[in-house]
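These notes concern the structure reproduced below.
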Amino acid sequence: MLNLNKFFQANIEHLNSFVISFGEEYGSLANYIEDYIASSLIDVKKDTFLADRYFSFDVVKEIFLSSSLFGDSNLVIVRFKTKPTIEQSKQLLELIKLVNSENRLLLQCDKLDKKDLASGWVGAFDDILILSGDSSESRVWINHMLKASGITIQESALELLLNLNQNNYTQLRQEVHKFTFLYPANYEINYEDALEQLTDNAQFNVFALSNAYLMGDVNRSLKIFSNVCIDSENVILLIWLISEDIRKLLQIKNAVKNGQNIDSAIASLRVWGDAVNALKFAHNRLSYNLLLSILDEIARVDLAIKGLLPDSCNPMLEKIVMKFCQKDA
């Protein structure tokens with residue numbers, strides 16, 4: 001079983017079968033790894049299948065058997081939204097016997113637990129990559145994407161990128177991709193470069209707004225709010241972000257209530273950097289009932305956006321941001 005760092009160091013041509021296991025929120029990272037594997041293999045024909053519980057691996061078997069007749073080199077990618085069923089697991093154990101340097105198999109699936117890892121079909125694969133979504137994994141990914149263009153990034157710039165992004169892997173990939181167009185090979189991105197590019201991005205400013213209201217900074221929150229909540233796209237992003245922040249805070253409160261240490265409760269949410277202190281501060285400031293009341297108000301904003309309420313969205317959101325800044329715990 002590999003971590004992401006070891007995976008990028010491995011010689012892909014020596015691996016014939018792979019499993020990438022991940023939560024849905026890490027799909028952008030999983031797709032990048034899939035592209036990386038395909039680009040690392042020379043002269044392969046790629047076939048991709050979306051698999052549900054009724055999917056049969058017989059179609060993959062036919063591709064592998066036909067390659068011996070026509071001399072094709074194949075990479076077959078099977079994407080499960082969940083995990084293989086018991087019957088599909090049996091099919092995989094038979095199919096893996098046909099896997100070789102001419103017939104490679106890549107399987108994407110939902111996060112595997114200990115029971116899954118002990119099953120026979122998992123052990124039959126050459127390597128398993130389980131994505132955790134922590135900050136160290138994101139650092140490896142960012143550096144790998146930049147290295148492909150001959151670019152490096154200073155630690156302070158990397159930290160800024162992570163702090164503003166948190167778990168938005170799709171946005172993270174887009175921003176790194178933008179860096180590769182803005183800067184030439186052999187360039188090192190410094191803090192000033194990152195600050196200039198990232199703070200010009202209104203979506204990242206929405207994430208900065210999250211840190212501001214979690215810290216209870218009403219003046220900074222309202223200033224950022226007036227700058228970013230101009231178009232509907234950022235309003236929708238803010239609604240999602242507030243809902244996510246409330247979900248995390250409720251999880252933290254439930255964990256602490258059940259005797260868990262607050263630091264370990266926050267760590268389990270896969271957040272890092274400034275967001276750790278912001279969530280801890282908000283947990284101490286905001287009561288369970290207030291969070292639930294904000295969640296109800298968010299639902300009303302959503303109805304207003306859909307035209308089911310006559311209210312204007314922005315004043316409602318501004319009121320929610322101010323409410324998030326108050327102290328009532």
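A salt bridge links K83 and D116; the closest N-O separation between the charged side-chain nitrogens and carboxylate oxygens is under 4.0 Å. Ion pair K323/D296 not flagged as a salt bridge, since none of the NZ, NE, NH1 or NH2 atoms sits closer than 4.0 Å to an Asp/Glu carboxylate oxygen.
L303 and I320 are not part of a single hydrophobic cluster, where members link through side-chain heavy atoms under 4.5 Å apart. M322 and F324 fall into different hydrophobic clusters, where Ile, Leu, Val, Met, Phe, Trp and Tyr are joined by side-chain heavy atoms under 4.5 Å apart, directly or via other members. F281 and L291 fall into different hydrophobic clusters, where Ile, Leu, Val, Met, Phe, Trp and Tyr side chains are chained together by heavy-atom contacts under 4.5 Å. No continuous path of ILVMFWY side-chain contacts below 4.5 Å connects I239 to L222, so the two sit in separate hydrophobic clusters. I96 and F55 end up in the same hydrophobic cluster when Ile, Leu, Val, Met, Phe, Trp and Tyr side chains are linked at under 4.5 Å.
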What do the steps show when you test V321 against L317 for side chain to side chain contact (heavy atoms under 4.5 Å, CB included), and what is the final call?
CA-CA 6 Å; V321 169; L317 267 177; 5.5 Å; no
Step by step, work out the side chain to side chain donor-acceptor pair (under 3.5 Å) result for S210 and D245.
CA-CA 8 Å; S210 168; D245 286 336; 2.7 Å; yes
Between W141 and S28, does a side chain to side chain contact (heavy atoms under 4.5 Å, CB included) hold up when you go through it step by step?
CA-CA 11 Å; W141 185 31; S28 185; 4.0 Å; yes
Could you walk me through whether E87 and R53 pass the salt bridge (charged side-chain N to carboxylate O under 4.0 Å, His left out) check?
CA-CA 9 Å; E87 179 58 34; R53 59 183 299 197; over 6 Å; no
Going through the distances and angles, do F57 and V78 end up as a side chain to side chain contact (heavy atoms under 4.5 Å, CB included)?
CA-CA 9 Å; F57 280 97; V78 181; 4.0 Å; yes
Salt bridge (charged side-chain N to carboxylate O under 4.0 Å, His left out) between D263 and K280, intermediate numbers included
CA-CA 8 Å; D263 292 320; K280 189 180 293 186; 2.7 Å; yes
Audit row: C109, V19, side chain to side chain contact (heavy atoms under 4.5 Å, CB included) steps and yes/no:
CA-CA 8 Å; C109 67; V19 175; 4.1 Å; yes
Check step by step if side chain to side chain donor-acceptor pair (under 3.5 Å) holds for N74 and N103.
CA-CA 5 Å; N74 299 295; N103 291 313; 3.0 Å; yes
Full working for salt bridge (charged side-chain N to carboxylate O under 4.0 Å, His left out) between K45 and E102:
CA-CA 10 Å; K45 184 169 77 73; E102 298 302 316; over 6 Å; no
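Of the possible polar contacts, one joining the K253 side chain to the L286 backbone as a donor-acceptor pair under 3.5 Å is found. Counting only distance, with no hydrogens or angles, the side chain of R285 and the backbone of Q326 share a donor-acceptor pair below 3.5 Å. At least one donor-acceptor pair under 3.5 Å links the side chain of Q88 to the backbone N or O of D52. With hydrogens and angles ignored, the 3.5 Å screen pairs no side-chain donor or acceptor of S73 with any backbone N or O of V44. A donor-acceptor pair under 3.5 Å links the side-chain atoms of D126 to the main chain of S17, judged by distance alone. Looking at E137, its side chain does come within 3.5 Å of a backbone N or O of S132 through a donor-acceptor pair. Without hydrogens or angle criteria, D193 side chain to I189 main chain gives no donor-acceptor distance under 3.5 Å. Put simply, the side chain of E13 never gets that close to the backbone of L41: no donor and acceptor are under 3.5 Å apart. The main-chain N or O of P315 is never found under 3.5 Å from a side-chain atom of S312 such that the two would form a donor-acceptor pair. A distance-only check finds no donor-acceptor pair linking the side chain of D217 to the backbone of Y213 [under 3.5 Å].
Annotation: K61, atom NZ; neighbour count of heavy atoms from other residues, nucleotides and ligands within 6.0 Å does not exceed 12. With a 6.0 Å radius and a threshold of 12 heavy atoms from other residues, nucleotides or ligands, Y32 has its OH atom above the threshold. Within a 6.0 Å sphere centred on CD of E155, other residues, nucleotides and ligands contribute more than 12 heavy atoms. By the 6.0 Å contact criterion, CG on L308 is enclosed, its count of non-hydrogen atoms from other residues, nucleotides or ligands being greater than 12. The environment of CZ in R300 is sparse: at most 12 heavy-atom neighbours from other residues, nucleotides or ligands sit within 6.0 Å. Counted within 6.0 Å of CG on N261, heavy atoms from surrounding residues, nucleotides or ligands total more than 12; the atom is thus considered enclosed.
Between N31 atom CG and Q108 atom CD the span is 5.5 Å, to the nearest 0.5 Å. Expressed to the nearest 0.5 Å, how far OG1 of T85 lies from NZ of K90 amounts to 9.5 Å. Between E297 atom CD and L292 atom CG the span is 11.5 Å, to the nearest 0.5 Å. A distance of 9.0 Å separates CG of L238 from CG of N314, quoted to the nearest 0.5 Å. Here the straight-line distance linking atom OG1 of T170 with atom CD of E25 works out to 11.0 Å at 0.5 Å rounding. The NZ atom of K248 sits 8.5 Å away from atom CD1 of I252, with the distance rounded to the nearest 0.5 Å.
Between H177 and F181, the two ring planes are perpendicular [angle over 60°; tilted spans 30° to 60°]. Aromatic ring pairs are classed by plane angle as parallel below 30°, tilted from 30° to 60° and perpendicular above 60°; the pair Y183 and F179 is tilted. Below 30°, between 30° and 60°, or above 60°: for F7 and F18 the angle between ring planes is above 60°, a perpendicular geometry.
Of all heavy-atom pairs between M215 and A278, the closest is SD-CA, 3.4 Å. The shortest heavy-atom contact between S243 and I298 is OG-CG2, 3.4 Å. A pairwise comparison of heavy atoms in K81 and D110 identifies O-CB, 3.8 Å as the closest pair. K111 approaches S21 most closely through the heavy-atom pair CA-OG, 3.0 Å. Among all heavy-atom pairs drawn from V218 and C325, the shortest one is CA-SG, 3.6 Å. I20 and I37 make their closest contact through CD1-CD1, 4.5 Å (heavy atoms, listed as atom of the first residue, atom of the second, distance).
Looking only at side-chain heavy atoms (C-beta outward), I12 and Y36 come within less than 4.5 Å of each other. Under the 4.5 Å side-chain criterion, counting only non-hydrogen atoms from C-beta, I262 is in contact with H283. A 4.5 Å side-chain heavy-atom check between I77 and E34 finds at least one atom pair inside the cut-off. Taking the side chain as every heavy atom from C-beta outward, L29 and L4 approach each other to under 4.5 Å. L117 places a side-chain heavy atom less than 4.5 Å from the side chain of I130.
With no hydrogens or angles considered, no side-chain donor-acceptor pair links E159 and S156 at under 3.5 Å. Of the N and O atoms on the side chains of E175 and Q197, not one donor lies less than 3.5 Å from an acceptor on the other residue. Under the 3.5 Å distance criterion, with hydrogens and angles disregarded, a donor-acceptor pair is assigned to the side chains of D134 and S136.
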